Amino acid sequence: MAAFTLHYILHPLPHKPLLQKPRHCSSSLHLHRASVSASSSSSSSSGELVGIEEGIPAEDVKVLAKFKSLHNHISVLQVSRRADHPFAGSRLLLLDKPGNIHSISFLFNPLTSSYLDIFASLPPILPSGPIALLGFGAGSAARIIFHFYPQTIIHGYELDPSVISVGREFFGLTKLESQYKDQLFVHVCDAIEAVNSMEDGFFSGILVDLFMKGTVIPQLQDKNTWKEMKRKLLRGGRIMVNCGGRCVEPEDPRRDGDVVKEKTLEAISEVFGRDKVFVLNLGGTKVEDNCVGLTGNLPDLEVWKEKLTSPLWPYVDMWKPYVRNHD
C-alpha cells in the first residue's frame with residue numbers, strides 16, 4: 001500500500017507549500033516530506049487535524065470519514081478548491097497512526113503530482129500482458145493507468161477490505177470497476193501470499209506499493225520475495241516499486257525510512273543485478289525524499305518519452321543507476 005507523508009497543521013494562518021518542485025523537474029510539483037496526523041481530541045469532530053508544520057487552513061478541509069479497521073486507522077479528507085495550496089480540490093486517503101497519504105484524487109485531473117504518476121510511466125516499456133498492482137489502496141494508480149492506457153489489464157491486490165470500500169465510496173472505484181469490468185480485477189488478500197500462488201511468467205509488469213504501519217513491509221527487504229516476484233514476470237517484464245525513504249513516518253521509530261529504503265533496494269539488486277536496478281528520487285534533498293525503483297535495462301529515454309503524455313516526460317530523465325550508500 002502506498003505511503004508518502006505530509007506534516008501539517010490545519011489552522012487559518014498563512015501556510016507553507018507542502019509540495020516542492022524538484023530542481024531538475026521544473027514542470028511538475030512533488031510531495032514534500034510529511035505526515036498527516038488525525039487528532040483524536042475533541043477538535044477532530046470539527047475537521048481539525050493536528051501536525052507539526054503549518055499547512056492547509058482548517059476551513060479548507062472537510063473530514064469525510066474517520067474510523068479504525070482491522071488493519072488501519074483510516075481517514076478521508078476533502079480539500080476545498082478554494083484552498084491556496086497544490087492539494088486544492090483533492091480527496092486524500094490517510095492510513096496508519098501518523099496519517100500517511102495512501103491515495104489522492106482530483107476530480108478533473110487524473111495526475112496527482114506524486115510517485116503515483118511515475119507508476120503510470122511503466123506500461124509503455126512493458127511487453128504485452130497484464131499488470132499486477134500490489135498494494136492497490138483506493139485505486140489511484142489504476143485510475144491514472146487506465147486514463148492513459150485504456151487497454152491495460154490490471155490485477156490489484158489489497159489487504160484491507162475497508163480500504164477497498166472507501167475507494168468505492170469516496171474515490172470512484174465503483175465507476176472504474178464498472179467501466180473496466182473485464183480489465184480490472186481487485187483481489188482482497190495478502191499481496192505477498194498472492195505472489196506465491198501466482199502463475200509463473202504471467203505478468204508483463206508488477207507495481208509494488210506495500211506499506212504497513214507507515215513503513216515498507218519487512219518482506220520487501222528479503223531477497224526471496226523478489227526472487228518469487230521475478231518468476232511471475234513475462235520475458236522482458238519489469239518491476240517498479242515505491243521504496244519510501246525519509247518522506248514516510250513509521251509508527252515504529254526503529255523502522256527508519258531511509259534505512260528501510262536502502263535494505264529494500266539491496267534485496268532487489270541481489271536478485272536482478274546491480275546494473276539492472278535504477279532509482280528515481282523525488283524531493284531532491286538529503287532530508288526529504290521518496291524513492292522509486294525500476295528493474296531491467298534502462299530503456300531508450302527518447303523513445304520512452306514518445307510513448308508518454310507530456311506531463312510525465314520530466315520523470316524519464318530523473319532515473320539514475322542504483323548505487324549503494326556504503327559503496
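Remember, predicted model here, so these are calculated numbers, not experimental data. Sequential numbering from 1 along the given sequence is applied to the chain's residues.
- Under the 4.5 Å side-chain criterion, counting only non-hydrogen atoms from C-beta, Phe67 is not in contact with Ser75.
- When all heavy atoms are compared, the tightest approach of Phe136 to Gly156 is CD1-CA, 3.6 Å.
- Legend: residues meeting side-chain hydrogen bond (donor to acceptor under 3.5 Å, both in side chains) with Asp60, ordered by chain and number and at least two apart, are absent.
- Here Lys263 does not pair with Glu266 in a salt bridge; the nearest charged N to carboxylate O distance is not below 4.0 Å.
- Listed for the His85 side chain is a donor-acceptor partner under 3.5 Å among the backbone atoms of Phe87.
- Taking the side chain as every heavy atom from C-beta outward, Lys276 and Thr295 never approach each other to under 4.5 Å.
- In this structure, the separation between CG on Leu312 and CG on Leu122 is 11.5 Å, given to the nearest 0.5 Å.
- Cation-pi contact between Lys230 and Phe272: present, with separation from the ring centre below 6.0 Å and deviation from the ring axis of at most 45°.
- Side-chain contact check for Asp275 and Asn297: no donor-acceptor pair (N or O, by modelled atom type) lies under 3.5 Å.
- Inter-residue side-chain proximity for Leu77 and Ile104 is flagged as unmet; no heavy-atom pair is nearer than 4.5 Å.
- The line from CG of Asn290 to CG of Asn242 is 5.0 Å long, rounded to the nearest 0.5 Å.
- Interatomic distance, Ile206 CD1 to Ile239 CD1, rounded to the nearest 0.5 Å: 4.5 Å.
- In this structure the side chain of Phe148 never reaches within 4.5 angstrom of the side chain of Pro123, judged on heavy atoms.
- Closest approach of Tyr315 and Leu282 over heavy atoms only: CE2-CD2, 4.1 Å.
- Counting heavy atoms from C-beta outward, Pro299 and Arg238 have side chains that approach closer than 4.5 Å.
- A heavy-atom distance below 4.5 Å is found between the side chains of Asp117 and Ile144.
- Annotation for Lys181: atom NZ does not count as buried by contact number, only 12 or fewer foreign heavy atoms lying within 6.0 Å.
- Panel note: side chain Glu158, backbone Gly137; a donor-acceptor pair is recorded below 3.5 Å.
- For Asp200, the side-chain hydrogen bond (donor to acceptor under 3.5 Å, both in side chains) partners at least two apart in sequence or on another chain are Lys232.
- Thr264 approaches Cys243 most closely through the heavy-atom pair CG2-SG, 4.2 Å.
- Remark: the backbone N or O of Ala267 is not paired with any side-chain donor or acceptor of Trp226 at under 3.5 angstrom.
- Leu133 approaches Ala142 most closely through the heavy-atom pair CD2-N, 4.0 Å.
- The main-chain N or O of Phe170 is found under 3.5 Å from a side-chain atom of Arg91 such that the two form a donor-acceptor pair.
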- Task: Evaluate the criterion side chain to side chain contact (heavy atoms under 4.5 Å, CB included) for residue pair Trp319 and Val292; output intermediate values, then yes/no.
- Result: CA-CA 9 Å; Trp319 290 103; Val292 179; 3.8 Å; yes
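- The two residues Asp190 and Glu193 come nearest to each other via the heavy atoms OD1-N, 3.0 Å.
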- Message: Quick one, Leu173 with Leu184, criterion side chain to side chain contact (heavy atoms under 4.5 Å, CB included). Give me CA distance, side-chain angles, the key distance, then yes/no.
- Response: CA-CA 10 Å; Leu173 180 54; Leu184 176 58; 4.2 Å; yes
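- Clustering ILVMFWY residues whenever any of their side-chain heavy atoms sit less than 4.5 angstrom apart, transitively, puts Met198 in a cluster other than the one holding Leu234.
- Taking the six-membered ring for Trp and the full ring otherwise, Tyr180 and Phe146 have centroids separated by under 6.0 Å.
- The side-chain heavy atoms of Arg274 and Arg324, taken from C-beta on, include a pair separated by under 4.5 Å.
- Once rounded to the nearest 0.5 Å, the distance linking OG of Ser204 with CD1 of Ile153 reads 9.0 Å.
- Smallest separation of non-hydrogen atoms from Val216 and Gly244: CG2-N, 4.2 Å.
- When atom types are taken as modelled, the side chain of Ser165 and the backbone of Pro161 share a donor-acceptor pair closer than 3.5 angstrom.
- Counting only distance, with no hydrogens or angles, the side chain of Ser140 and the backbone of Ser103 share no donor-acceptor pair below 3.5 Å.
- If you chain together hydrophobic residues whose side chains sit under 4.5 Å apart, Ile154 and Phe185 never meet in one group.
- Note: Arg81 CZ to Leu107 CG = 5.5 Å, rounded to the nearest 0.5 Å.
- For the pairing with Val166, the side chain to side chain contact (heavy atoms under 4.5 Å, CB included) check across Leu64, Leu95, Val76 returns one residue only, Val76.
- Between the side chain of Gln183 and the backbone N or O of Gln179, no donor-acceptor pair lies under 3.5 Å.
- Formation of a donor-acceptor pair under 3.5 Å by the Gln78 side chain with backbone atoms of Ser90 is found in this model.
- Residues Gln221 and Val260 form a side-chain contact, since some pair of their non-hydrogen atoms from C-beta on lies under 4.5 Å apart.
- Remark: Ser105 engages Arg143 in a side-chain hydrogen bond (donor to acceptor under 3.5 Å, both in side chains) (not counting sequence neighbours).
- The aromatic rings of Phe203 and His155 lie perpendicular to each other, with more than 60° between the two planes, well past the 30° mark.
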- Query: Met229 and Val208: side chain to side chain contact (heavy atoms under 4.5 Å, CB included), yes or no, with the steps?
  - Reply: CA-CA 10 Å; Met229 284 194 206; Val208 183; 3.8 Å; yes
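- If you chain together hydrophobic residues whose side chains sit under 4.5 Å apart, Val303 and Leu294 never meet in one group.
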- List the steps and the verdict of side chain to side chain contact (heavy atoms under 4.5 Å, CB included) for Phe278 and Lys320. CA-CA 5 Å; Phe278 295 83; Lys320 305 296 181 185; over 6 Å; no
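- If you take NE2 on His73 and CG on Leu94, they are separated by 12.5 Å, rounding to the nearest 0.5 Å.
- With no hydrogens or angles considered, no side-chain donor-acceptor pair links Thr225 and Gln219 at under 3.5 Å.
- The closest donor-acceptor contact from the side chain of Asn72 to the backbone of Ile74 lies at 3.5 Å or more, if one exists at all.
- At a threshold of 4.0 Å, the pair Lys227-Glu270 does not count as salt-bridged, since none of the basic side-chain nitrogens sits closer than that to a carboxylate oxygen.
- Proximity of a side-chain donor or acceptor of Trp304 to a complementary backbone N or O of Ser121 within less than 3.5 Å is detected.
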